[in-house]
J.: 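Got a structure for you, questions after.
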Amino acid sequence: MELLARPQAVVFDMDGLMLDSERALMGCLEQVGQAQGHVLPRSLLLSLIGSSDATTRQKLADVLGLKRTDALLADSYARYAGIVDAGVPLRPGIIELLELLREHDIPRAVATATRSPLAQRKLAAAGLLPYFQFVATSSDVAHSKPAPDIYLHAAHGLGIAPAHCLALEDSPTGVRAALAAGMTTIQIPDLLEPDEEVRGYGHHITASLHDVREMLQQWLPVGAA
């Protein structure tokens, strides 16, 4: 698998792509759900991947009702906050990839469906914030993923046309957003494997961030900076 051109910027999703946070949050929801007497099907939890806070709340409310959902989320987010403050574990290969891009002065932005205060906390606690020139969140736009708004905002923040940006995503929701923004897109699935429909989008799909680094090295050879 090869990229057709050197990207002028790289835009990163956050949860499930750079941070192993999807697994952590699902664990919190499962644990709190059990404590509150709720059965949360695995399929429901997986459907939340890549969703905004509002979409997550609505999907849970469709099953539990609003009152039970609000109680579930309040306790789950409180438990999750402790994990965030301790530093959510990183996905394999993220530091090596970011170091390569920094070495070659390729601009970098985050495009996340997480709200701004929490996104900044996550990135800072995990030690990733210094790698990025711009962070675009769902707090900054009218429509979250799968709408293209967050990715368009990230490109604007870097001053690079979306067509010249490479987007890295783990979820189908995020892939749709990045493609709708007109970016070359690579999906690195985490908990949710792409189905036949997602594979039909025609984007790149690869197993790890190490693979992405190898792809980029054809345009950013080591030692050439």
Side-chain angles (χ1 to χ4, degrees), residues 3 5-22 49-55 84-85 87-91 93-171 173-188 190 203-204 209 212-213 215-217 219-220 225:
L3 297 174
R6 169 180 169 144
Q8 294 182 18
V10 181
V11 184
F12 291 74
D13 175 47
M14 184 177 68
D15 295 298
L17 187 283
M18 295 193 291
L19 302 178
D20 200 7
S21 43
E22 305 281 16
I49 292 175
S51 298
S52 66
D53 290 343
T55 300
V84 169
D85 291 338
V88 178
L90 301 178
R91 297 291 296 153
I94 185 58
I95 295 298
E96 294 89 340
L97 175 55
L98 288 169
E99 287 288 354
L100 177 72
L101 296 172
R102 181 160 67 177
E103 176 187 353
H104 292 273
D105 296 320
I106 302 298
R108 303 162 302 280
V110 176
T112 176
T114 298
R115 304 288 292 176
S116 181
L118 180 56
Q120 295 283 342
R121 278 175 57 206
K122 285 183 179 181
L123 292 167
L128 296 182
L129 196 56
Y131 285 100
F132 296 98
Q133 288 83 33
F134 192 77
V135 177
T137 75
S138 59
S139 301
D140 306 316
V141 298
H143 304 289
S144 191
K145 302 175 185 180
D149 302 34
I150 295 174
Y151 274 101
L152 294 173
H153 185 56
H156 181 76
L158 291 177
I160 306 291
H164 298 305
C165 294
L166 172 65
L168 304 180
E169 268 286 354
D170 69 296
S171 73
T173 299
V175 167
R176 287 193 289 272
L179 291 174
M183 295 186 182
T184 298
T185 304
I186 301 176
Q187 183 178 10
I188 306 94
D190 179 25
H203 60 299
H204 300 286
L209 292 169
V212 175
R213 186 175 184 275
M215 279 186 237
L216 286 170
Q217 280 180 331
W219 299 105
L220 309 173

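Residue numbers count from 1 along this sequence. These values consider heavy atoms only, across backbone and side chains, with no hydrogens, waters or symmetry-generated copies.
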J.: Between Ser144 and Ser138, what is the shortest heavy-atom contact and its length?
T.: OG-CB, 3.8 Å
J.: Are side-chain heavy atoms of Leu19 and Leu128 found at a separation under 4.5 Å?
T.: yes
J.: Can you check whether Leu216 reaches Leu166 side chain to side chain, under 4.5 Å on heavy atoms?
T.: yes
J.: To check you understand the geometry: which heavy-atom pair defines the closest contact between Ile150 and Thr112, and what is its length?
T.: CD1-O, 3.5 Å
J.: Tell me, with the steps shown, if Thr137 and Met14 meet side-chain contact (heavy atoms from CB on, under 4.5 Å).
T.: CA-CA 10 Å; Thr137 75; Met14 184 177 68; over 6 Å; no
J.: Out of curiosity, Ile94 CD1 to Glu99 CD, how far, rounded to the nearest 0.5 Å?
T.: 10.5 Å
J.: To the closest 0.5 Å, what do you measure between CG (Leu209) and CD1 (Ile188)?
T.: 5.0 Å
J.: Would you say Ile95 and Tyr131 make side-chain contact, with heavy atoms under 4.5 Å?
T.: yes
J.: Could you work out, with ring pair (Phe, Tyr, Trp, His ring centres under 6.0 Å) as the rule, every residue matching Phe132, not counting sequence neighbours?
T.: Phe12
J.: Just so I know, are the side chains of Val212 and His204 near enough to count as touching, which here means a heavy-atom distance under 4.5 Å?
T.: no
J.: Apply side-chain contact (heavy atoms from CB on, under 4.5 Å) to residues Leu97 and Val10 and explain how you reach the verdict.
T.: CA-CA 11 Å; Leu97 175 55; Val10 181; 5.9 Å; no
J.: Minimum heavy-atom separation for Val84 to Ala125, with atom names?
T.: O-CB, 3.2 Å
J.: Indicate the atoms forming the closest heavy-atom contact of Ala178 with Thr185, along with that distance.
T.: CB-OG1, 3.5 Å
J.: Are side-chain heavy atoms of Gln120 and Leu129 found at a separation under 4.5 Å?
T.: yes
J.: Write down the atom of Val11, the atom of Ala154, and the distance for their closest heavy-atom approach.
T.: CG1-CB, 3.8 Å
J.: Please list all pairs meeting ring-ring contact (aromatic ring centres under 6.0 Å, His included) that have one or both residues in residues 139-158, counting only residues at least two apart or in different chains.
T.: Phe134-His153
J.: Contact between Leu100 and Ile106 at the side-chain level, heavy atoms closer than 4.5 Å - yes or no?
T.: no
J.: Determine whether Asp53 and Arg115 satisfy the following criterion, salt bridge (charged side-chain N to carboxylate O under 4.0 Å, His left out), listing intermediate values before the conclusion.
T.: CA-CA 8 Å; Asp53 290 343; Arg115 304 288 292 176; 5.2 Å; no
J.: How many angstroms lie between CG in Asp85 and CZ in Arg121, if you round to the nearest 0.5 Å?
T.: 4.5 Å
J.: Where is the tightest heavy-atom contact between Gln133 and Arg108, given as atom of each residue plus distance?
T.: OE1-N, 2.6 Å
J.: Do the side chains of Asp15 and Lys122 get nearer than 4.5 Å, heavy atoms only?
T.: yes
J.: Do the non-hydrogen side-chain atoms of Met215 and Ile186 ever get within less than 4.5 Å of each other?
T.: yes
J.: Calculate, to the nearest 0.5 Å, the distance between atoms CG and CG belonging to Leu17 and Leu90 respectively.
T.: 11.5 Å
J.: Starting from the C-alpha separation in whole Å, work towards a yes-or-no answer on side-chain contact (heavy atoms from CB on, under 4.5 Å) for Arg176 and Thr173.
T.: CA-CA 5 Å; Arg176 287 193 289 272; Thr173 299; 3.6 Å; yes
J.: Hey, could you give me each pair passing salt bridge (Lys or Arg N to Asp or Glu O under 4.0 Å) that has a residue in residues 138-155? Not counting sequence neighbours.
T.: Asp13-Lys145, Lys145-Glu169
J.: Step by step, would you call Met18 with Val110 a side-chain contact (heavy atoms from CB on, under 4.5 Å)?
T.: CA-CA 10 Å; Met18 295 193 291; Val110 176; 4.0 Å; yes
